[in-house]
Amino acid sequence: MWRLFLEFIQFLREEKKWWLLPLVVVLLLLAALILFSSGSVLAPFMYPFL
């Protein structure tokens, strides 16, 4: 897992694609929100957004 992360950072540094970093962070946060709240009380409030 860390190897993939380090390779991604190296890619960003070499290709000057720093605009991808916020996009990836937002996607990871959205995935974590869906994963951790799928069985919780917040689930009914997320249905309109999915």
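The first residue of the sequence shown is numbered 1, and numbering continues consecutively from there. Bear in mind that the values here come from a model prediction, so they are computed numbers and not experimental data.
- Trp2 and Val25 fall into different hydrophobic clusters, where Ile, Leu, Val, Met, Phe, Trp and Tyr are joined by side-chain heavy atoms under 4.5 Å apart, directly or via other members.
- Residue Leu28 is not grouped with residue Leu30 when hydrophobic side chains (ILVMFWY) are merged at heavy-atom distances under 4.5 angstrom, including chains of intermediate members.
- Residues Leu23 and Phe5 share a hydrophobic cluster, clusters being chains of Ile/Leu/Val/Met/Phe/Trp/Tyr side chains in contact below 4.5 Å.
- The two atoms that bring Trp18 and Arg13 nearest to each other are CZ2-CA, 3.8 Å, heavy atoms only.
- By the criterion of side-chain heavy atoms lying less than 4.5 angstrom apart, applied directly or through intervening Ile, Leu, Val, Met, Phe, Trp or Tyr residues, Leu21 is not grouped with Leu29; the two fall into different hydrophobic clusters.
- By the neighbour-count criterion of 12 heavy atoms within 6.0 Å, atom CH2 of Trp19 is sparsely surrounded, having that number or fewer from other residues, nucleotides or ligands.
- The same ILVMFWY cluster, assembled from side-chain heavy atoms under 4.5 Å apart, contains both Leu20 and Leu27.
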